[in-house]
Student: 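Let me begin by handing over the structure; questions about it come next.
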Amino acid sequence: MSRAKRLIIANWKMHPGTLTDARKLFRGVSRKVTRIRKSTVVICPPTLYLSDLVSGYGGTTVSFGAQDCSTERTGGSFTGETSPLMLKRLGVQYAIVGHSERRARGETNELIAQKVKAAVTTGLTAVLCVGEEERDTEGTFLKWLEKEVQKSLEGVTRKDTGKLIVAYEPIWAIGKSAANAMTPEEVQHMYLFIRKVLVKKYGRKYGSKIKILYGGSIEPSNSTALLEEGGVDGFLVGHASLDSDDFAAIAK
Ligand code: PGA
């Protein structure tokens, strides 16, 4: 596939603890990445901070994403939910969907597929997270992963794929250090595997264009090798995105 722009997405998760710190972190990141042309940088802060950050810093080189969105596109009696349309109207362009930390709290593939569909048909780019919890030597985890991808994309059509990104995040590699992340060879293997699954589902024309990211203990020390030798289209960065120097180094 064409190596257009790499995508570097920061997932701040439930950090930092105050809006003041969120502004400070955002300013630090955006200052350090303004001259980067080869990658698109997306920051996904907690929903609570999105409005303030978008109105204060929207229009800079950094784009915004949400960490989740509702299955309901517009609005209604859905306590605690945030609709894709609300996010879109605010100036948010991306939504992470189906992160393993949400799956661990009970989200199913079926629910996640509905969220992806709601996001993409509203004009948000959905970043669908997939990844196995553990591996076995016989490779049955690959079958499991294929099923997870297929089920999380049920009802998502070829036409929707222009707004779809898949982030491969093996759960066993999340929240550790670079030493515990995958090797570039392993990442490349999984990139090709997921590509095959997407091409099988959507055909070459569409399936080959969907960006595939890697996430799980990305740090400045392993990002270059994972990008160049792993062949992925970008990263979803967790803990290292909370340090503006580290995150800017990865984006560069
Ligand atoms: P990590 O998190 O970079 O801290 O491993 C990645 C993620 O959960 O998206």
Side-chain angles (χ1 to χ4, degrees), residues 6-17 21-22 25-26 28-29 32-33 39-47 49-50 62-69 92-107 112 115-116 119 124-135 145 148-149 152 164-184 186-187 190-191 194 211-227 230 232-252:
R6 313 293 182 110
L7 192 61
I8 312 293
I9 304 181
N11 177 11
W12 285 4
K13 307 192 179 183
M14 204 162 71
H15 305 286
D21 286 345
L25 178 57
F26 188 88
V29 171
K32 289 169 195 160
V33 302
S39 29
T40 302
V41 174
V42 181
I43 306 285
C44 303
T47 314
Y49 303 147
L50 266 173
V62 178
S63 302
F64 289 93
Q67 296 174 14
D68 185 30
C69 71
V92 172
Q93 290 170 273
Y94 296 80
I96 297 172
V97 178
H99 190 280
S100 59
E101 286 153 14
R102 297 208 58 80
R103 290 178 185 265
R105 301 180 81 81
E107 291 200 4
I112 289 159
K115 290 186 172 189
V116 172
L124 294 179
T125 297
V127 183
L128 167 67
C129 299
V130 295
E132 76 282 359
E133 196 162 349
E134 52 188 16
R135 294 189 157 198
L145 182 65
E148 184 179 58
V149 175
S152 303
L164 175 68
I165 289 169
V166 175
Y168 171 63
E169 298 205 302
I171 297 169
W172 52 269
I174 290 179
K176 311 261 174 61
S177 65
N180 295 293
M182 291 180 83
T183 65
E186 285 171 324
V187 167
M190 294 313 296
Y191 175 89
I194 292 169
K211 279 192 162 75
I212 301 173
L213 316 182
Y214 168 74
S217 302
I218 291 291
E219 293 181 354
S221 62
N222 61 0
S223 56
T224 306
L226 287 173
L227 200 66
V232 289
D233 303 311
F235 295 131
L236 183 52
V237 186
H239 64 272
S241 71
L242 297 172
D243 179 311
S244 61
D245 285 331
D246 280 357
F247 184 69
I250 292 168
K252 273 174 193 150

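Quick note: numbers below take in every heavy atom, side chains included, and nothing from hydrogens, waters or symmetry partners. For clarity, every value in this text was computed on a predicted model and none was experimentally measured. All ligand and atom numbering here is 1-based and tracks the order in the structure.
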Student: On a heavy-atom basis, I'd like to know which of Lys13, Gln67, Glu101, Lys176 is closest to atom 2 (O) of ligand 1.
Tutor: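 Selected option, by shortest heavy-atom distance: Lys13.
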Student: Please identify which of these residues, Tyr49, Trp12, Phe26, Tyr94, meets the ring-ring contact (aromatic ring centres under 6.0 Å, His included) condition with Phe64.
Tutor: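 In the set Tyr49, Trp12, Phe26, Tyr94, the residue that makes a ring-ring contact (aromatic ring centres under 6.0 Å, His included) with Phe64 is Phe26.
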Student: Any donor and acceptor pair, going by atom type alone, linking the side chain of Ser63 with main-chain N or O of Val42 inside 3.5 Å?
Tutor: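 Answer holds: no.
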Student: At under 4.0 Å between heavy atoms, which part of Asn11 makes contact with ligand 1: side chain, backbone, both or neither?
Tutor: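 Side chain only.
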Student: Under 4.0 Å from any heavy atom of Gly238, which atoms of ligand 1 are there?
Tutor: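 In order of numbering, the contacting atoms are 1 (P), 2 (O), 3 (O), 4 (O), 6 (C).
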Student: Hey, is Arg6 close enough to Asp233 for a salt bridge, meaning N to O under 4.0 Å?
Tutor: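 Looking at Arg6 and Asp233, the cut-off is not met.
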Student: Does Arg103 have any salt bridge (Lys or Arg N to Asp or Glu O under 4.0 Å) partners at least two apart in sequence or in another chain, and if so, which?
Tutor: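 Checked Arg103 against salt bridge (Lys or Arg N to Asp or Glu O under 4.0 Å); matches are Glu148.
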Student: Check each atom of ligand 1 against the heavy atoms of Ile174 and keep those under 4.0 Å away; list them by number with element.
Tutor: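 Here the atoms of ligand 1 in question are 2 (O), 5 (O), 8 (O).
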Student: Only heavy atoms of Gly216, strictly under 4.0 Å: list the atoms of ligand 1 that pass.
Tutor: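 Once the distances to Gly216 are compared, the set is 5 (O).
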Student: Among protein heavy atoms, which sits nearest to atom 4 (O) of ligand 1, and what does the distance come to when rounded to 0.1 Å?
Tutor: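 Heavy-atom neighbour on the protein nearest atom 4 (O) of ligand 1: His239 ND1, 2.5 Å.
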Student: Provide, to 0.1 Å, the distance between atom 7 (C) of ligand 1 and the closest protein heavy atom, together with that atom's residue and name.
Tutor: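 So the nearest neighbour among protein heavy atoms is Glu169 OE2, 3.2 Å.
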Student: Is the shortest N/O to N/O distance between Gly215 and ligand 1 below 3.5 Å?
Tutor: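 By distance alone, the answer is no.
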Student: Could you check Tyr214 against Glu169 for side chain to side chain contact (heavy atoms under 4.5 Å, CB included), going step by step and ending with a plain yes or no?
Tutor: CA-CA 6 Å; Tyr214 168 74; Glu169 298 205 302; over 6 Å; no
Student: Who passes salt bridge (Lys or Arg N to Asp or Glu O under 4.0 Å) against Asp245, sequence neighbours left out?
Tutor: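 For Asp245, the residues satisfying salt bridge (Lys or Arg N to Asp or Glu O under 4.0 Å) (neighbours in sequence not counted) are Lys32.
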Student: Go through ligand 1 atom by atom and flag the ones less than 4.0 Å from a non-hydrogen atom of Gly175.
Tutor: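 By the 4.0 Å cutoff, the relevant atoms are 1 (P), 4 (O), 5 (O).
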Student: I need the single residue from Leu236, Val232, Ile165, Val41 that forms a side chain to side chain contact (heavy atoms under 4.5 Å, CB included) with Leu7. Which is it?
Tutor: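 Answer to the side chain to side chain contact (heavy atoms under 4.5 Å, CB included) test with Leu7 among Leu236, Val232, Ile165, Val41: Ile165.
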